[in-house]
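Keep in mind the model is a prediction, meaning the values are calculated, not measured.
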Amino acid sequence: MGRAFVYVILGGGVAAGYAALEFARRGVAHGELCIISEESVPPYERPALSKGFLLPEDPARLPSFHTCVGANEEKLTPKWYRDHGIELVLGTRVKSADVNRKTLITAVGETISYKILIIATGARALKIEEFGVRGSDAENVCYLRNLADANRLVSVMQSCNGGNAVVIGGGYIGMECAAALVTNRIKVTMVFPEAHCMARLFTPKIADFYEDYYESKGVNFIKGTVLTSFENDSEGKVTAVILKDGTRVPTQMVVIGIGIRANTSLFEDQLTVEKGGIKVNGRMQTSNNSVYAVGDVAAFPVKLFGGDIRRLEHVDSARKTARHAVDAIMAPEKTGDLDYLPFFYSRVFTLSWQFYGENKGEVLQYGDFSSGRFGAYWIDKGRIVGAFLEGGSREEYEAIAKAVKLKVAVKDTAEVERQGLEFALKV
Ligand code: FAD
Ligand code: NAD
Ligand code: ISD
């Protein structure tokens with residue numbers, strides 16, 4: 001039993017959706033392209049799952065957030081794929097791959113062969129069991145990576161209205177889910193090992209602003225410790241979490257966001273792996289010429305950082321690496337190396353921030369941290385390499401992005417700190 005395609009995209013997430021749109025624009029013929037996804041729905045904008053999807057009123061539901069609406073492009077519905085002759089093999093897990101034979105074998109034993117493969121398998125949520133804690137399979141403990149997780153989270157949240165939740169992890173999932181829980185009238189305690197939230201990116205001063213804001217919404221922070229065990233009732237539901245410092249926090253539900261691992265396992269012994277991802281060149285091509293990797297699973301050279309290999313876990317990078325791979329496949333002579341400016345953002349409550357570049361070197365912080373109009377520049381070797389802004393307008397975000405892209409030279413750090421956002425606006 002088998003099928004053969006010219007192009008196969010393995011994985012049906014954000015990167016797959018943007019790759020499909022680019023293939024269609026470049027005139028892929030009917031029957032040439034196939035997307036294989038473990039998920040039961042066509043590609044969608046995953047960021048919606050921790051934002052619009054969790055709203056108590058008028059929540060976002062599919063088909064409203066299929067890719068590529070997040071970049072103000074066409075919405076690729078099942079009909080769109082049919083109309084473009086793109087085969088969707090959904091609800092199907094690929095369990096093995098052979099890059100020499102150019103074949104994939106699905107969980108039901110079908111062999112799907114390709115001429116060119118794009119790996120877009122994304123990542124999986126780390127389980128608390130991987131840190132030695134048992135019991136996260138209880139019905140009121142939630143992770144959040146895919147639509148099935150999000151549906152489950154909504155149903156647990158609805159059964160907990162007016163109650164308490166513990167959020168484990170102070171990263172993106174922790175912060176966005178804590179805000180969503182509060183909006184759903186659930187009282188939240190956040191637990192994480194670091195001294196402040198969003199430790200990978202925020203400075204202590206930036207984190208203070210968000211923590212104060214969350215506290216004003218009733219969120220309680222327990223920092224510098226980790227979960228060691230769950231307490232359960234006779235039905236197996238978690239009723240409290242026990243922390244390493246001995247604290248016991250009674251709760252009706254738990255949300256866990258403790259990071260991810262890229263889904264590289266099918267290829268680890270066949271392709272070069274670096275920084276936890278599949279290593280690609282500037283055209284998103286792996287160590288095998290017929291195989292490309294994009295999105296969360298790809299570790300690619302970032303020109304702006306002197307060609308350093310980075311694996312980024314953000315939607316903008318998934319969209320742009322996917323498009324670039326398709327350009328490199330369909331128009332090789334016209335496609336050079338990707339020149340990517342790393343871009344991260346988040347939206348919680350009425351707050352909204354953007355970050356460009358990398359948070360390396362000396363940091364200069366400016367603005368009014370009490371009113372929520374502030375930002376920061378990171379200066380390395382006399383140049384701006386990173387910029388953060390809370391509450392900016394489109395023009396202001398474009399200005400900080402430009403300052404990073406151009407790696408603007410800084411002669412007088414005190415003057416840049418004094419000028420703040422004006423410095424970027426004058427670039
Ligand atoms: P994914 O979108 O994860 O897609 C991978 C796909 O591959 C999935 O469909 C998966 O089922 C499938 N797959 C994996 N292995 C197999 C297999 N063996 N067989 C078949 N199918 C397989 N980023 C931002 O920049 N801003 C945000 O606000 C933001 N919010 C987020 C909110 C949530 C809840 C989550 C989980 C992530 C968020 N992100 C955000 C990150 C962003 O969504 C990811 O960077 C992006 O989805 C990566 O795209 P991808 O296509 O590489 O992987
Ligand atoms: P993360 O890497 O952002 O944060 C992980 C957090 O887990 C750390 O901040 C730390 O506080 C905590 N942690 C680590 N080990 C722990 C332990 N043993 N016990 C308790 N806490 C521990 O990862 P995440 O928040 O799980 O997000 C998952 C993925 O989803 C990431 O790729 C992220 O980029 C993506 N995401 C992005 C956005 C966005 O860009 N706005 C929003 C949601 C999710
Ligand atoms: O993917 C990411 C992410 O979420 C960050 O904060 O890369 C960065 C680095 O970990 C910090 O620059």
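Checked against side-chain contact (heavy atoms from CB on, under 4.5 Å), Asp98 has the following partners two or more places apart in sequence or in another chain: Asn100, Arg101, Thr103, Gln270. In terms of the side-chain hydrogen bond (donor to acceptor under 3.5 Å, both in side chains) criterion, Thr225 has no residue partners (sequence neighbours excluded). Arg185 pairs by the salt bridge (charged side-chain N to carboxylate O under 4.0 Å, His left out) definition with nothing, not counting sequence neighbours. Looking at residues two or more places apart in sequence or on another chain, you find no salt bridge (charged side-chain N to carboxylate O under 4.0 Å, His left out) involving Arg283.
Contact of the Thr321 side chain with the Tyr18 side chain is not registered, since no non-hydrogen atoms from C-beta on lie closer than 4.5 Å. In this structure, Cys197 and Met190 have side chains that are not in contact, with every pair of non-hydrogen atoms separated by 4.5 Å or more. Using a 4.5 Å heavy-atom cutoff, the side chains of Leu76 and Pro43 are not in contact. In this structure the side chain of Asn281 never reaches within 4.5 angstrom of the side chain of Asp337, judged on heavy atoms.
A salt bridge links Glu358 with Arg310; the closest basic N to acidic carboxylate O contact falls under 4.0 Å. A salt bridge links Glu211 to Lys223: one of the charged nitrogens lies within less than 4.0 Å of a carboxylate oxygen. For Glu398 and Lys402, the salt-bridge test fails: no basic side-chain N is under 4.0 Å from an acidic carboxylate O. Salt-bridge formation is detected for the pair Glu45/Arg319: a Lys NZ or Arg NE/NH1/NH2 atom is positioned less than 4.0 Å from an Asp or Glu carboxylate oxygen. Ion pairing between Glu73 and Arg323 holds under the 4.0 Å rule for side-chain N and carboxylate O. Checked for salt-bridge contact, Lys217 and Glu215 miss the test: no charged N lies under 4.0 Å from a carboxylate O. Salt-bridge check for Asp339 with Lys320: failed, with every basic side-chain N at 4.0 Å or more from each acidic carboxylate O.
Between Phe369 and Phe374, the ring planes lie parallel to each other; the angle is under 30°, not in the 30° to 60° tilted range.
For residues 246-256, the pairs satisfying salt bridge (Lys or Arg N to Asp or Glu O under 4.0 Å) are Glu231-Arg248, with sequence neighbours left out. Residue pairs meeting the side chain to side chain donor-acceptor pair (under 3.5 Å) criterion with at least one partner in residues 121-132, sequence neighbours excluded, are Arg124-Glu130, Glu129-Ser136.
With Val255 as the partner, the side-chain contact (heavy atoms from CB on, under 4.5 Å) test is satisfied by one option alone out of Val166, Ile186, Leu181: Leu181. Applying ring-ring contact (aromatic ring centres under 6.0 Å, His included) to Phe355 and the options Tyr345, Phe344, Phe343 leaves one that passes, Phe344. Applying the side-chain contact (heavy atoms from CB on, under 4.5 Å) test between Leu33 and each of Tyr114, Tyr7, Phe5 identifies Tyr7 as the sole match. Tested against Arg46 for a salt bridge (charged side-chain N to carboxylate O under 4.0 Å, His left out), the candidates Glu39, Glu176, Glu313 yield a single pass: Glu39.
Atom CD1 of residue Ile35 and atom CD1 of residue Ile118 lie 9.0 Å apart, to the nearest 0.5 angstrom. Taken to the nearest 0.5 Å, the OG atom of Ser50 stands 6.0 Å off from the CG atom of Leu144. Taking CG of Leu21 as the start and CD1 of Ile86 as the end, the distance is 8.5 Å to the nearest 0.5 Å. Remark: Thr203 OG1 to Gln365 CD distance equals 3.5 Å, nearest 0.5 Å. Atoms OG and CG, on Ser317 and Asp296 in that order, are 7.0 Å from each other to the nearest 0.5 Å.
Between the side chain of Thr92 and the backbone N or O of Leu90 there is at least one donor-acceptor pair closer than 3.5 Å. Between the side chain of Gln158 and the backbone N or O of Ser155 there is no donor-acceptor pair closer than 3.5 Å.
Here the closest heavy-atom approach between residue Gly386 and residue Val404 is recorded as C-CG2, 3.8 Å.
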